[in-house]
Amino acid sequence: MRVANSKSIFFSCFPAFLIHNPMSSERRKPYPFDQFESKWQRIWEDRQLFHAPNPGEKKFDAAKPKFYVLDMFPYPSGAGLHVGHPEGYTATDIVARYKRLRGFNVLHPMGWDAFGLPAEQYAIKTGQHPELTTRENIAKFKSQLKAIGFSYDWAREINTTDPRYFKWTQWIFLKIYNSWFNPKTNKAEPISTYRGDDPDSVRLAYVAEVPVNWCPELGTVLANEEVVDGKSEVGGFPVVRRPMRQWMLRITAYAERLIDELEDLDWPPGIKLLQRNWIGKSEGAEIDFKIDNHDARIRVFTTRPDTLYGATYMVLAPEHSLVDLITTNEQRAEVRAYRERAARKSDLERTELSKEKTGVFTGAHAINPANNEEIPIWIADYVLLGYGTGAIQAVPAHDERDLEFARKFDLPIRAVVQPPGDEDPIGFVGDGIAINSPIIDGLPSREAIRKITAWLEERGLGKRAINYKLRDWLFSRQRYWGEPFPIVWQDRHHRSLGEDELPVVPPPLEDYKPTGTGEPPLAKAKDWVRYSDNATRELNVMPQWAGSCWYFLRFCDPLNDKRFVGQDAEKYWMNVDLYVGGTEHAVLHLLYARFWQKVLFDLGYVSTSEPFQRLVNQGIILGEDGQKMSKSRGNIISPDEVIAQYGADAFRLYEMFMGPLEQMKPWSMRGVEGVSRFLARVWRLIMRENQAGEWELSPAVDDVDLAKNEQKILHATIKKVTEDIESLSFNTAISQMMIFVNAFTNAEKTPVSAMRTFLILLNPFAPHLSSELWEKLKAPGDITDQSWPGYDEKFLVEDEVEMVLQVNGKVRERMKMSILASEEEIKQAALTNPRIQELLAGKTPRKVIVVPQKLVNIVA
RNA sequence: GCCGAUGUGGCGAAAUGGCAGACGCAACGGACUUAAAAUCCGUUGGGCUUAAAAGGCCCGUGUGGGUUCGAGUCCCGCCAUCGGCACCA
């Protein structure tokens, strides 16, 4: 307590209700939010006020339009919420409450993305089952969210670790597994429509031996996104490349559609660009090079077939399958040594540390198909097996990497593109004019590409080709706390379980520790693993992304036990009209979810091919020191302490008042105090404290007409708040409400009608306070049943406006003008103004610009 | 290196090409109070002019140019900070 030495005074002058627990109420509350916030939360819960009925249910009103507003659901960590989490949640809650007042059926759900590594790590440390800690963490998160007064439809709460949920995650996996992508129809179809010999080679879920990010410390494989600078994102342990049998999802089949269908989405352009870059489409050609003394050919991918004449050597990735075949005996030892070194390199060494190009000559030569020149074939780890064909034609004159390599190993460099101007052709990578290239000499690059590609195609030497950076999705994890695959193995072949065998529930385990061999922890559950006498279960589990790939669908119909989502519910609610979350999910989550949605759409299970129509990213909230909040900096602020001191409404309001939603901004307790003062002013506009220290309705509140200026400010506020909520500019909406309150604070009479209207405007932002005051005003019905007020422009315009008079662009004078004044009248009034006359000193103005109702600029 | 975002008072910020700094914080002054807290009222970008005030003038939105009667806003170049990607042929 701050007033340690003044307890007697403290007790004598404070109302009784504030002192029953003086240790917890550090200071006097500016308004008694603690008296009613939990009361309203209870009322909302008891009355199921925010439950949205589905089509076909009793209270469903088909006449209303729908609005689906969704938050990225959280991973319930042990630490609880910090003030960054509820930023987006507050924004969506304001929109949800606003849309309800506007007469929409609003779907506003919340749930838990609860599978994941931290719970498993905790289990390893403590021996507590992840299910238990998950349950506890969820309870903590949920109580924190409820304390903020969010209007979630808790009847739709979902939890990705609930068998009733992941049963359908597994079901969707089966659909993916039992589908293939038909390039003719450009969509997924049931595997039964595939006419080839080996369906397993085209399934959208398949098994492959792939080099993966193996982290010995965690005893698991990590996805690329979980590896940061060659170290594990969790724990910072070293990560090495190692081939392993893994489940993959064929997301690359959808690369084109994932790019194209971004077009019509209302997403920030930056996020669309990020996704496009991630998918990384590039157009070019594949060209076949003959190998001297061998039948095999090497296929390369290039975006610049017009530089073919400049290809003075070739490079294969060290892991390329033809390396063994073509390497000459003299070079074999050197090549083998290089390949071994490359294989041992971690990602860190391969990228960050390898500023110097390395490579070795195979001893073999290829024939350049354009000029039949013999060129040496090298291997080097700057060529990646996973991109294109894993082999390149090296054109050192017009590619920085090839140039660096050629210079280091003294390979020939030949210019074949003449840059515009007098730039040096060597090292020029842009478009120019083809030179030293008989077939295309003199052509600009774009045309040269077209012509030489056609030339190659005619001769069967190459063809147009498109490549993507996007790789197939590594979909398995060697962990315990995830969805088991509904797959069994028999005679070294995988096959799917029947839908009636779902869900496949993870077996209870005593010991969650990684085996360390790369074999998943599920291998320890011997009985569970044995599916039948000759079949065993798949031991991997799905990655955490799986559950979040379709949760927005489940929210439409969370209790359905017949289908992953009921058809009518899905049709009615989808798509998500507004999706709010952090930029950290800009690529992966959003890409994966779009991919699943498209598969389900192709197979006819959902009605839209894109899940999220409008996307908004909230900015990060920094600590009071302007640094990112983190345990180590000790600058984490929990909503609990803020709410205890200032109340949930002040917390919500400050989250939104800090600045634009998308922006990064630092927390400030002073700022919370500021909005809390504003809410107290609202309270005292309607309530006053009597002699006994009790709050009662203020006698100033009366059923009076509004003065003209009051009418104007009321309608200006309705207009501004409405428009600002629509554009998610909550900070300026709040500013306008402050202006409103400031204007009414000193009025003799507080017009009750204006107060009611204002409370409706305030309701989405500060639902507890506005509900309480609505009740205190004895206004009819519940505030949540009201309809959003409209405004009338006629109250906003005045008869007279103040206009600015400028001379040469500088403000020199102001004058009042009727809004009806014509331009000519305004001009005359300005020119005859004494101050302007004085400034002009008899000179004739050269030009007069009149902007009606705004200003006059006189150019002298 | 490439791509993207952002640079405005002491601080968070606001401004359809038309009065830069609304609103809030902090600070200062006043009212109320024995006093303080709370509350209410007022001042608050920098400089010059003035005994003081009123008033007037000049400068000011990262930086240098440009377009315009007029630029925080539009165009070109540069700098800084943050975020993403990073041998993708």
Side-chain angles (χ1 to χ4, degrees), chain A residues 2-3 6 9-10 13-14 27-30 268-271 273-274 276-278 280-282 284 300-304 307 315 350-352 354-355 357 380-384 386-395 398-402 404-405 429 467-471 583-584 586-587 619-620 626 628 653-654 657-660 662-675 677-678 680-681 684 689 729 731-739 741-742 745-746 802-812 814 845-851 853-860:
Chain A
R2 277 171 202 173
V3 280
S6 54
I9 297 163
F10 184 88
C13 67
F14 274 63
R27 59 176 65 193
R28 198 186 146 150
K29 307 249 184 291
I271 301 298
L273 191 66
L274 225 54
R276 283 201 193 91
N277 290 345
W278 186 267
K281 178 179 181 174
S282 42
V300 304
F301 173 74
T302 176
T303 54
R304 293 298 298 269
T307 61
V315 186
R350 234 174 142 146
T351 57
E352 215 165 289
S354 67
K355 298 221 162 66
K357 293 265 180 298
D381 66 5
Y382 83 90
V383 172
L384 310 173
Y387 183 77
T389 60
I392 61 158
Q393 55 158 350
V395 184
H398 305 295
D399 183 284
E400 280 173 43
R401 296 149 303 182
D402 296 344
E404 194 191 329
F405 192 83
V429 297
N467 249 294
Y468 301 94
K469 279 203 285 186
L470 183 70
R471 306 296 154 80
T583 345
E584 65 273 21
V587 176
I620 294 170
K628 218 173 195 163
L653 213 64
Y654 178 65
F657 187 62
M658 292 172 81
E662 290 97 328
Q663 201 166 296
M664 182 189 293
K665 45 212 178 273
W667 188 265
S668 154
M669 278 302 183
R670 299 274 198 195
V672 183
E673 229 167 284
V675 293
R677 273 202 280 267
F678 160 68
R681 284 159 73 98
R684 289 196 312 267
E689 207 169 5
S729 310
N731 53 331
T732 48
I734 295 166
S735 292
Q736 182 61 39
M737 290 192 280
M738 288 173 168
I739 292 169
V741 169
N742 290 348
T745 289
N746 292 312
E802 188 179 71
M803 291 186 62
V804 166
L805 302 186
Q806 297 182 332
V807 176
N808 293 332
K810 292 199 167 129
V811 182
R812 297 303 181 188
R814 288 147 204 282
R846 283 192 289 140
K847 198 171 176 185
V848 179
I849 289 121
V850 177
V851 183
Q853 300 185 44
K854 286 251 169 78
L855 60 71
V856 181
N857 188 11
I858 297 156
V859 186

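Residue numbering restarts at 1 for every chain, and letters A, B, ... go by the order of the sequence lines.
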Full working for side-chain contact (heavy atoms from CB on, under 4.5 Å) between A:E404 and A:D402: CA-CA 5 Å; A:E404 194 191 329; A:D402 296 344; over 6 Å; no

Any A:R812 side-chain nitrogen or oxygen under 4.0 Å from OP1 or OP2 of B:rG56: no

Which part of the nucleic acid, if any, lies within contact of A:P269, taking any heavy atom under 4.0 Å across all strands shown: a base, the sugar-phosphate backbone alone, or nothing? nothing

Quickly work out the A:K357 NZ to B:rG1 P distance and round it to whole Å. 15 Å

Sorted by position of nearest nucleotide on RNA chain B, 5' first, the leading residue of A:N746 and A:V675 is A:V675

Integer-rounded Å distance: B:rC23 P and A:L653 CG: 16 Å

Evaluate the side-chain proximity of A:R681 to A:N742: yes if any heavy-atom separation is below 4.5 Å, no if none is. yes

Could you give the distance separating B:rG17 and B:rU6 at their P atoms, to the nearest angstrom? 15 Å

Side-chain N,O (A:N742) to OP1/OP2 (B:rG24) below 4.0 Å: yes

Taking the side chain of A:F657 as heavy atoms from C-beta outward, which of B:rA89, B:rC23, B:rG18 is closest to it? B:rC23

Could you work out which one of B:rC41, B:rA26, B:rG18 sits closest to the side chain of A:R681? B:rC41

Taking only the side-chain nitrogens and oxygens of A:S668, find out if one of them lies under 4.0 Å from OP1 or OP2 of B:rC11. no

Can you check the distance between B:rC23 and B:rU44, where both ends of the measurement are the C1' atom (answer in whole Å)? 15 Å

Decide yes or no, distance alone: a donor-acceptor N/O pair under 3.5 angstrom between the base of B:rC19 and the side-chain of A:K854. no

Output the pairing pattern of RNA chain B as a dot-bracket string, 5' first, Watson-Crick or G-U wobble with both distances under 3.5 Å, | for cross-strand pairs, [ ] for crossing pairs. (((((((..(((.....[....))).(((((.......))))).(((((.....)))))..(((((..]....))))))))))))....

Using whole Å, report how far CE of A:M664 lies from P of B:rG4. 18 Å

Side chains of A:V851 and A:M803: closer than 4.5 Å at any heavy-atom pair? no

Among B:rC41, B:rA26, B:rA89, which nucleotide has an atom closest to any side-chain atom of A:S282? B:rA89

Would you please confirm or rule out a distance under 4.0 Å between OP1 or OP2 of B:rA5 and any side-chain N or O of A:Q663? no

Whole Å only: how far is the CG atom of A:L274 from the P atom of B:rC2? 18 Å

Say you pick atom P in B:rG10 and the same atom in B:rG60; how far apart are they, in whole Å? 16 Å

Respond yes when some side-chain nitrogen or oxygen of A:R684 is under 4.0 Å from OP1 or OP2 of B:rC40, and no when none is. yes

Applying a 4.0 Å non-hydrogen cut-off, can you work out what A:I392 is touching in the nucleic acid: base, sugar-phosphate, or nothing? base

Once the angle between the rings of A:W667 and A:Y654 is folded into 0 to 90°, is it parallel (under 30°), tilted (30 to 60°) or perpendicular (over 60°)? perpendicular

In the structure I gave you, are the side-chain heavy atoms of A:I849 and A:V856 within less than 4.5 Å of one another anywhere? no

Roughly how many Å apart are B:rG45 and B:rG21, using the C1' atom of each and rounding to a whole number? 8 Å

Euclidean distance for C1', B:rU73 against B:rG66 (whole angstrom): 15 Å

Taking atom P of B:rC87 as reference, at what distance in whole Å does atom CG of A:L384 sit? 7 Å

Would the number of heavy atoms belonging to other residues, nucleotides or ligands and lying under 6.0 Å from CD of A:E400 be above 12? no

For B:rA22, does the base pair up with any side-chain atom of A:S735 as donor and acceptor (N or O, under 3.5 Å, distance only)? yes

Are OP1 or OP2 of B:rC23 and a side-chain N or O of A:N731 less than 4.0 angstrom apart? no

Indicate, with a heavy-atom threshold strictly under 4.0 Å, whether A:G388 touches base, sugar-phosphate, or nothing. nothing

4.5 Å side-chain heavy-atom contact, A:L805 and A:I858: no

Would you mind telling me which of B:rA89, B:rC3, B:rC57 lies closest to the side-chain atoms of A:L273? B:rC3

Please state whether the phosphate of B:rC69, meaning OP1 or OP2, lies under 4.0 angstrom from any side-chain nitrogen or oxygen of A:K847. yes

Same-atom distance (P) from B:rC41 to B:rC48, integer angstrom: 33 Å

Output the single nucleotide from B:rA89, B:rC85, B:rC69 whose closest atom is nearest the side chain of A:W278. B:rC85

Looking at B:rC11, does its base get a donor-acceptor pair with the side chain of A:R670 below 3.5 Å? no

Would A:K357 pass as a cation-pi partner of A:F405, given that its NZ or CZ must be under 6.0 Å from the six-membered ring centre and within 45 degrees of the axis? no

Would you indicate what A:R677 reaches in the nucleic acid, counting non-hydrogen atoms under 4.0 angstrom: base, sugar-phosphate, or nothing? sugar-phosphate

Which part of the nucleic acid, if any, lies within reach of A:V859 when heavy atoms closer than 4.0 Å are counted: base, sugar-phosphate only, or nothing? sugar-phosphate

Nearest-Å distance for atom pair CG/C1', residues A:L805 and B:rC69: 15 Å

Interatomic distance, A:L470 CG vs B:rC85 P [rounded to whole Å]: 14 Å

In whole Å, measure the gap between the P atoms of B:rG56 and B:rA20 for me. 14 Å

Tell me if B:rG9 is syn or anti. Syn = glycosidic torsion within 90° of 0, anti otherwise. syn

Between B:rA13 atom P and A:Q736 atom CD, what is the distance in whole Å? 20 Å

Do the non-hydrogen side-chain atoms of A:I392 and A:T302 ever get within less than 4.5 Å of each other? no

Between A:K469 and A:W278, is there a side-chain heavy-atom distance shorter than 4.5 Å? no

Nucleotide nearest A:K810 when distance is taken to its side chain, options B:rC85, B:rC59, B:rG18: B:rC59

RNA chain B nearest-nucleotide lookup for A:K281 and A:M658: closer to the 5′ end is A:M658

Taking the P atom in each of B:rA14 and B:rG9, what is the distance between them to the nearest angstrom? 14 Å

Proximal nucleotide (of B:rC87, B:rC23, B:rA14) relative to the A:T732 side chain: B:rA14

Once rounded to the nearest 0.5 Å, what's the spacing between atom CZ of A:R812 and atom NZ of A:K810? 6.0 Å

